[in-house]
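We count ligands from 1, going down the list as the structure has it; atoms in each ligand are counted the same way.
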Amino acid sequence: MFNLELLIRDNIKKLKPYSSARDEFSGEAKVFLDANENSLGSPLTKWYNRYPDPHQLAVKQRLSNIKGIGAEHIFLGNGSDECIDILFRCFCEPGQDNIIICPPTYGMYEVSANINNIEIRKAPLLPDFQLDLVHMENLEDAHTKIIWLCSPNNPTGNSLNRTDIEMVLNNFNGIVVIDEAYINFAQQKSFVQELAEYPNLVVLQTLSKAWGLAGLRLGMAFASQSIVEVMNKVKPPYNINQSTQELVVKALEEVGQVNDMIKILVDMRNALAEVFESMPTVEKVYPSDANFILVKIAQARKIYEFLLTRGIVLRDRSNVELCEECLRITIGTEKENTALVDAMHDWFTLQTN
Ligand SMILES: *Cc1c(COP(=O)(O)O)cnc(C)c1O
C-alpha cells in the first residue's frame with residue numbers, strides 16, 4: 001500500500017517551514033513595514049520593490065482553469081528543474097535512498113540525484129524506447145523512493161505506452177514522476193486527470209516548450225494535495241519572481257495562440273521527418289511526439305561539426321547509450337528548417353565528390 005508518511009524524509013516531516021512576512025500578514029493594509037523592502041520604490045516603473053506572492057495564487061488560479069484541476073494540486077517551481085530538485089529533497093535520504101531512471105532520458109534526473117547524493121539505478125529503455133518493466137521491478141528495494149518517467153521522452157521523442165505507465169503506478173509504492181514537458185505536442189493525453197486515481201503520481205509540465213516561455217522559468221508539478229504541501233514546505237519562499245508571475249498570468253490568456261503554434265510545429269515536425277527519411281545515409285528517423293526529431297545517421301558527429309560551420313547547432317546525442325549515431329533536431333522556423341535541409345544537401349554533395 002502507498003503511504004506518503006513513510007516516504008517523506010524524517011527531517012522534512014519535522015521541518016518547521018520558514019514563515020515569510022507575507023505568510024504572517026497577507027491582508028489589505030495601508031502601510032507595509034514588515035518585510036524590509038525599499039519603501040521609496042524601485043528604479044523601474046513597476047512596484048518591484050515588493051516581494052512577490054509566495055503562493056503564486058493568481059498564476060495557480062489560471063492554471064487551475066486551463067488544466068481543470070484544483071489550485072491545491074499545483075506546485076510551481078523556477079523551471080521544472082527546481083521541481084525535480086525539490087522532489088529529491090522531500091523524499092530521498094542522501095546516502096541511503098535510491099531512485100530508478102530509464103535512460104536514454106532527460107539528464108537532470110541524474111544530475112539532481114548526484115547533487116543530492118542519491119543512488120541512481122538504471123533500467124535502460126528497450127530497443128523500441130519503451131519501458132523494461134521486468135528490469136525496473138528487479139531494481140526496486142525498500143529504499144527506492146522515486147521512479148522517473150519521461151513521456152514524451154527526451155531525447156528519443158516517443159511517448160511511453162500508457163499501459164506500461166499504469167503498470168508502474170499500480171505496482172510501485174513510492175513516488176512515480178511523469179515528466180510531460182512535451183505533452184502539448186503528443187497524441188497521448190496527459191496523466192494530470194488521473195491524480196485522483198493514483199496517490200503516488202506527480203506530473204511535471206513546463207511553460208518552457210510549447211508555451212514558448214523558457215526565459216521566464218516556470219515549471220509545474222501536479223500531485224495530491226498532501227504531496228504539494230510537502231513540496232511547498234521545502235521550496236524557497238519567493239521562488240517565482242514578480243515579473244514572471246505577472247507575465248505568465250498574461251500569457252495564460254493566449255491559449256488559442258499557443259495552440260496555433262503547436263499545430264504549426266507539429267506539421268513542420270512531420271514534414272521535416274519525411275525529408276530526413278528520404279536522405280541517403282539516414283538509418284532511421286524515430287517517431288516523435290515532441291517538438292524535435294531524433295535521427296540516426298552515419299557520421300553523426302561529423303555532420304554535427306559540419307553544420308556548426310554553417311552556423312546551425314543541433315544536439316549531438318551520438319555518445320548516449322541507445323542513441324549511437326543520433327542527432328536531436330529541434331523544429332525551427334520554416335526558414336531555419338529549410339536552411340538545415342539545404343546544409344544537409346551540401347554535406348551529401350561533399351561526400352559524393
Ligand atoms: C526541457 C525539459 C525540461 C525543463 O524544463 P524547465 O521548466 O525549463 O526547467 C524538463 N523535462 C524535460 C524532459 C525537458 O526536456
task: List every atom of ligand 1 that sits less than 4.0 Å from any heavy atom of Lys209, numbering the atoms from 1 in the order shown and giving each element.
output: 1 (C), 2 (C), 3 (C), 4 (C), 14 (C), 15 (O)

message: I want to check a possible cation-pi pair here: Arg317 against Tyr304, using under 6.0 Å from ring centre and within 45° of the ring axis as the test.
response: no

statement: To the nearest 0.5 Å, atom CD1 of Ile12 lies from atom NZ of Lys233 at 7.5 Å

- request: Name the closest protein heavy atom to atom 5 (O) of ligand 1, giving the residue it belongs to and the distance to 0.1 Å.
  value: Ser80 OG, 3.1 Å

task: Enumerate the atoms of ligand 1 whose separation from the nearest heavy atom of Cys150 is less than 4.0 angstrom.
output: 13 (C)

field: Lys263 atom NZ, over 12 foreign heavy atoms within 6.0 Å
entry: no

task: Tell me which protein heavy atom sits closest to atom 15 (O) of ligand 1, plus the residue, atom name and distance to 0.1 Å.
output: Tyr182 OH, 2.7 Å

task: Return yes or no for this condition: an N or O of Asp179 is under 3.5 Å from an N or O of ligand 1.
output: yes

field: For Arg217, the ligand 1 atoms whose distance to one of its heavy atoms is below 4.0 Å
entry: 6 (P), 8 (O), 9 (O)

query: Taking the six-membered ring for Trp, are Tyr182 and Phe292 ring centroids under 6.0 Å apart?
result: yes

task: Answer yes or no for Ala214: is there a heavy-atom contact with ligand 1 below 4.0 Å?
output: no

field: For Asp81, atoms of ligand 1 separated by under 4.0 Å from a heavy atom
entry: 4 (C), 9 (O)

message: In this structure, would Leu169 and Ile227 fall into the same cluster of hydrophobic residues linked by side-chain contacts under 4.5 Å?
response: no

query: Around Met268, counting heavy atoms of other residues, nucleotides and ligands shown, do more than 12 lie under 6.0 Å from its CE?
result: yes

message: Using the rule that Ile, Leu, Val, Met, Phe, Trp and Tyr join whenever any side-chain heavy atoms are under 4.5 Å apart, tell me whether Tyr109 and Val202 fall into a single cluster.
response: yes

- request: State if Glu82 counts as touching ligand 1 under the rule of any non-hydrogen atom under 4.0 Å.
  value: no

message: Rounded at 0.5 Å granularity, tell me how far CD in Glu82 sits from CZ in Phe75.
response: 5.5 Å

- prompt: Looking at atom 4 (C) of ligand 1, what's its closest protein heavy atom, distance included?
  reply: Tyr106 OH, 3.4 Å

message: Regarding atom 8 (O) of ligand 1: of the candidates Ser208, Gly219, Gly77, which has the closest heavy atom?
response: Ser208

